[in-house]
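Heavy atoms only: backbone and side chains are in, while hydrogens, waters and symmetry mates are out. Just so you know, ligand 1 is whichever comes first in the structure, and atom 1 is the first atom listed for that ligand.
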Amino acid sequence: MSLAKRRILLGVSGGIAAYKSCELVRRLRDLDADVRVVMTESATHFLSPTTFQALSGQSVRVSLWDAQAEAAMGHIELARWAERILIAPASADILARLAHGLADDLLTTLCLASAAPLYVAPAMNQQMWAHAATRANIETLRQRGVGLLGPASGDQACGDVGSGRMLEAHELRDAMAASFGDGSLAGLNVVVSAGPTYEDIDPVRFIGNRSSGRMGFAVAQAAALAGANVTLVAGPVSLPTPAGVARRIDVRSAAQMHVAVLDASALADIYIGAAAVGDYRPNYVSAHKLKKRDGAGLSLQLSENPDILTSLSAKPVHPFLVGFAAETHDVANYAQHKLRNKGLDMIAANQVGEGLGFEADDNALSVYWADGAIELPRAAKPELARQLITQIAQCYRASRAG
Ligand code: CTP
């Protein structure tokens with residue numbers, strides 16, 4: 001991983017997580033990035049500009065009205081200089097100002113004046129993060145293509161527990177490195193399915209599964225970062241669309257996912273089936289809530305859903321097909337069986353159950369194809385997705401060359 005000579009403008013806004021940004025400057029510089037720090041006025045109440053100046057080796061700017069600094073490198077010049085802008089920590093206040101296009105200090109002015117991709121790493125109290133105003137601002141920024149890095153959940157400086165913790169320095173450094181991508185899927189159309197499917201029983205109940213969608217979303221993001229034009233077909237999850245993903249189609253049932261994937265895959269080069277598609281659906285969906293039948297029990301008649309990957313591989317012309325296999329046991333055998341049985345080009349298998357797989361932050365994959373295999377050891381899902389995409393790109397190119 002290298003960020004050699006990459007020009008990263010780090011915006012630091014007012015929040016206690018600013019202390020983690022000191023570490024971030026060091027981690028970015030470890031990869032030889034050229035880092036310039038701009039602080040908001042509130043950030044200076046937490047840390048001194050001198051701290052960031054010492055760590056970045058560059059003078060730190062705070063005010064738009066600093067005549068001396070403007071003479072050295074004007075703010076428009078600084079906006080043009082940046083290849084990436086990363087705001088970490090991004091407070092609720094700066095997210096609101098960015099969402100509304102304000103330019104009332106140097107940092108927000110730079111964000112408006114720069115064509116560089118903007119990434120934000122929110123950090124705030126969990127209640128502020130959950131507030132409808134913050135949710136709306138995040139949605140606006142997301143739709144505008146701003147990259148959302150985190151937040152994570154856990155213990156907070158204020159004593160609360162919940163979502164709103166800034167990601168760690170190394171995670172933000174990795175996201176910056178990944179944001180420059182390796183171009184291995186440049187020019188290709190890639191469809192990714194992700195998340196669970198829900199099969200309705202009645203208006204309030206359904207048959208679902210424990211897929212969180214996070215691995216599939218990470219795969220979609222990694223494909224976009226590798227230069228692909230990505231369509232993400234998502235089951236019912238409440239995850240934000242990853243930065244760079246061109247199109248998202250939300251579906252609920254396996255039948256809807258089947259239609260959406262087949263439609264989106266008509267012109268695709270690669271289809272990656274990361275969704276945990278329900279195998280069965282109730283024969284009959286009650287229009288009214290089923291009532292308890294005191295002691296009488298209940299049997300549901302289920303029919304099998306069509307297999308999306310098999311439908312695609314049966315077509316005379318189809319995309320390069322990558323499946324996933326989540327297994328509780330005998331992972332390698334089941335995965336290789338699915339590779340052959342479903343007519344796939346590759347399959348990525350993992351063990352699920354007991355803290356592994358669906359709800360975990362990290363994962364490990366065993367990847368198989370007709371004449372090869374690779375183990376991708378346990379790593380955070382975004383990093384694992386990046387490695388998987390590199391492998392898919394290699395196998396795809398080899399298959400098209402042969
Ligand atoms: N899959 C699919 N369509 C389905 C079911 C599964 O395309 N109706 C895809 C999944 O997206 C995944 C792969 O098939 O890429 C394997 O899914 P999995 O649920 O592990 O396998 P199944 O074929 O359902 O087999 P089993 O449930 O018996 O393990």
Relative to atom 3 (N) of ligand 1, which among Ile308, Asp279, Leu312, Asn305 owns the nearest non-hydrogen atom? Ile308
Atom indices of ligand 1, in the order listed, that fall short of 4.0 Å to a heavy atom of Gly323: 15 (O)
Between Arg84 and Ser179, is a side-chain hydrogen bond (donor to acceptor under 3.5 Å, both in side chains) present by the stated rule, with each step listed? CA-CA 9 Å; Arg84 294 286 182 276; Ser179 80; 2.8 Å; yes
Can you tell me the protein heavy atom closest to [atom] and the distance?
atom: atom 10 (C) of ligand 1; value: Ala275 O, 3.4 Å
atom: atom 26 (P) of ligand 1; value: Lys338 NZ, 3.8 Å
atom: atom 9 (C) of ligand 1; value: Leu309 CD1, 3.5 Å
atom: atom 15 (O) of ligand 1; value: Gly273 O, 2.6 Å
atom: atom 8 (N) of ligand 1; value: Pro306 O, 3.0 Å

Contact region, Lys342 to ligand 1, non-hydrogen atoms below 4.0 Å, reads side chain
Determine, counting only non-hydrogen atoms of the protein, whether one lies under 4.0 angstrom from atom 1 (N) of ligand 1. yes
How about atom 28 (O) of ligand 1: does it have a protein heavy atom within less than 4.0 Å? no
Can we say [X] and [Y] salt-bridge, meaning some charged N sits less than 4.0 Å from an Asp/Glu carboxylate O?
X: Glu383; Y: Arg386; answer: yes
X: Asp30; Y: Arg26; answer: no
X: Asp294; Y: Lys292; answer: no
X: Arg378; Y: Glu375; answer: no

Go through the side-chain N and O atoms of His258 and Ser311 and say whether any donor and acceptor fall under 3.5 Å apart. yes
When you compare the side chains of Asp105 and Thr108, does any donor N or O come within less than 3.5 Å of an acceptor on the partner? yes
Would you call the rings of Phe206 and Tyr198 parallel, tilted or perpendicular if under 30° counts as parallel and over 60° as perpendicular? parallel
Looking only at distances, can you tell me whether any N or O atom of Phe324, backbone or side chain, sits closer than 3.5 Å to an N or O atom of ligand 1? yes
Backbone or side-chain N or O of Ala274 under 3.5 Å from ligand 1 N or O: no
Ala254 to ligand 1, any heavy atom closer than 4.0 Å: no
Nearest atoms (heavy-atom pairs only) where Trp129 meets Arg135: O-NH1, 2.7 Å
